[in-house]
Amino acid sequence: MTTTKAGAPLDTAAIRAQFPILSREVHGQPLVYLDNAATTQKPQSVIDALTNYYSTMNANIHRGLHTLAEEATAAYEDVRKQVAAFVGAASHREIVFTRNTTESLNLLAYTLGARLRPGDEIVLTTAEHHSNLVPWQLVTQRTGAVLRFIELNDDQQIDVDTARAAINANTRIVSIVHMSNVLGSIAPVAEISEMARAVGATMIVDAAQSAPHIPVDVNDLGVDYLAFSAHKMLGPTGVGVLWGRQELLADLDPFLGGGEMISVVTREESSWAALPHKFEAGTPNIADVIAFGAALDFLNDLGMDAVAAHDAELTHYAVERLSRLEGLDIYGPSDPAERSAVIAFNYRDIHSHDVATILDRSGIAVRAGHHCAQPLMRTLGVPATARASFYLYNERSEVDALVDGLLDAGERFGFERGV
Ligand SMILES: *Cc1c(COP(=O)(O)O)cnc(C)c1O
């Protein structure tokens, strides 16, 4: 395992050696993986944790009295404690495992939404991923509550002033993205939480991009609920986290009913299990939760401050190099210090799908399209963008490869090479 002293840069060569996929080739070229905002690659320790679980302790958890069931239960519940420590939760009972960020947000929309009345207002931002928009649209259809949106300011950021314009005495729920998966900008969550609290609204944060890239502490943010996905922070697919304040989670009705989430069941009715099991109906994703523990170990060994510094430094370098390319438009805050990890761009009127396809021939993986944020694309006035996104194993040489690949793409479309 690679350890880093506080303040020292990450040793990317040593880190890369622990990710088997990073040594493969694509179209005869070394893989340059710049699609980390969609999902990250997995270190050997995570892959080993998965196979070790199935090879040595596979059993269903919580009900068993035999050794395998006890070992599997302990390993699963240990990861809950690890997650609680990772986000600064007061108790492991505040951590609910779901399938992904999307399911965590749907759980909240379904349970909190049931309490809303016509005219109640739900405040989102215009930069939301569809997973923090569509569940709330469903709520408005059922309840007559209405959506309001925090707009971007002139620098394509969510700020305190644009938030103040959307939050008022009718606001019941504020649910916003912490770090945008398109703009890379980080919203002033603590300040917006205070505004929500002042009007008695519930404050929810979509931390799908922030939890992997910057230290996230629920006390510093002052929020009520937080959602994120294991697969965007070195963990396996199929595991999401919902953190909520214990007294708030205790007060919510269940989302899904079935085994594991009950205490006493009669023919007519049931009582609920204690937190967090009330929200984990049925057999959970035991293997992937346990492997997520290895991903958290990996991040903790590096230190989230060091990860954040690395991602920010690499993003600044990329913004600097890309903005020197003629005909390249970058979206998001103009000051590189205001963003991290994600750069959405368009190049020379070449459709972003063509950009991504041409880059792929050089082994470079970027994403192209609307990035599950169609209203944001409309606000930016573009149908789609290309997006390069970085993580702890990416290096400057990969940014250089991206720049070269874009120049190649320009040439194919008849533009003169040259920066
Ligand atoms: C990826 C992402 C989501 C959705 O995550 P899933 O794991 O697909 O549920 C939500 N919000 C943001 C900002 C994201 O980047």
Side-chain angles (χ1 to χ4, degrees), residues 33-42 46 83 87 96-110 124-138 149-150 152 156-158 174-189 192 204-214 216 221 223 225-243 255 284-285 288-289 291-292 295 311 315 331-333 339-344 365-377 379-380 385-391:
Y33 186 76
L34 303 180
D35 193 17
N36 293 286
T39 199
T40 61
Q41 299 302 344
K42 321 303 173 197
V46 169
V83 175
V87 297
V96 176
F97 287 120
T98 61
R99 275 189 308 148
N100 46 39
T101 305
T102 303
E103 186 175 299
S104 297
L105 292 167
N106 273 272
L107 186 161
L108 292 175
Y110 186 85
L124 313 173
T125 80
T126 191
E128 295 314 318
H129 189 284
H130 295 160
S131 66
N132 194 33
L133 170 60
V134 180
W136 301 109
Q137 291 174 339
L138 293 171
F149 291 90
I150 302 175
L152 300 184
Q156 297 184 347
Q157 293 198 65
I158 298 302
V174 177
S175 187
I176 66 169
V177 63
H178 192 186
M179 182 191 285
S180 163
N181 65 316
V182 176
L183 305 170
S185 55
I186 298 164
V189 169
I192 296 174
I204 301 168
V205 170
D206 169 359
Q209 290 299 333
S210 56
H213 294 287
I214 58 176
V216 167
L221 296 176
V223 297
Y225 297 100
L226 188 88
F228 55 99
S229 295
H231 71 95
K232 292 188 180 180
M233 46 200 299
L234 308 181
T237 52
V239 177
V241 172
L242 171 65
W243 167 84
F255 175 41
N285 190 347
D288 292 296
V289 165
F292 182 35
D311 294 350
T315 308
Y331 305 97
R339 62 155 82 222
S340 188
V342 174
I343 302 176
V366 300
R367 189 146 293 247
H370 54 62
H371 315 296
C372 299
Q374 289 182 19
L376 178 58
M377 294 294 117
T379 302
L380 298 176
T385 79
R387 179 184 71 187
S389 52
F390 310 106
Y391 208 23

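Whatever order the structure lists ligands and atoms in, that order sets their numbers, starting from 1.
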With a 4.5 Å heavy-atom cut-off, do W243 and V223 have their side chains touching?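 Yes, close enough: below the 4.5 Å cut-off.
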For a 4.5 angstrom cut-off between non-hydrogen side-chain atoms, does T101 reach K232?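 A side-chain contact is absent here, since even the closest heavy-atom pair is not under 4.5 Å.
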Answer yes if the side chains of S175 and N132 hold a donor-acceptor pair under 3.5 Å, and no otherwise.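 A pair is found: one side chain offers a donor N or O, the other an acceptor, under 3.5 Å apart.
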Side-chain H-bond candidate by donor/acceptor type, T379 with T126, under 3.5 Å: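 A donor-acceptor contact under 3.5 Å links the two side chains.
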List, pair by pair, the atoms of ligand 1 and of the protein that are both N or O and lie under 3.5 Å apart, giving the separation rounded to 0.1 Å.
residue	atom	partner	partner atom	Å
ligand 1	7 (O)	S229	OG	2.6
ligand 1	7 (O)	H231	NE2	2.8
ligand 1	9 (O)	T101	N	3.4
ligand 1	9 (O)	T102	N	2.9
ligand 1	9 (O)	T102	OG1	2.5
ligand 1	11 (N)	D206	OD1	3.3
ligand 1	11 (N)	D206	OD2	2.6
ligand 1	15 (O)	Q209	NE2	2.7
ligand 1	15 (O)	K232	NZ	2.8

Considering residues at least two apart in sequence or located in another chain, which fulfil the side chain to side chain contact (heavy atoms under 4.5 Å, CB included) criterion with H370?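 Applying side chain to side chain contact (heavy atoms under 4.5 Å, CB included) to H370 gives H130, Q374, M377.
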Measuring centre to centre across the rings, with the benzene-like ring taken for any Trp, is H213 within less than 6.0 Å of Y391?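 Yes: the rings meet the under 6.0 Å criterion.
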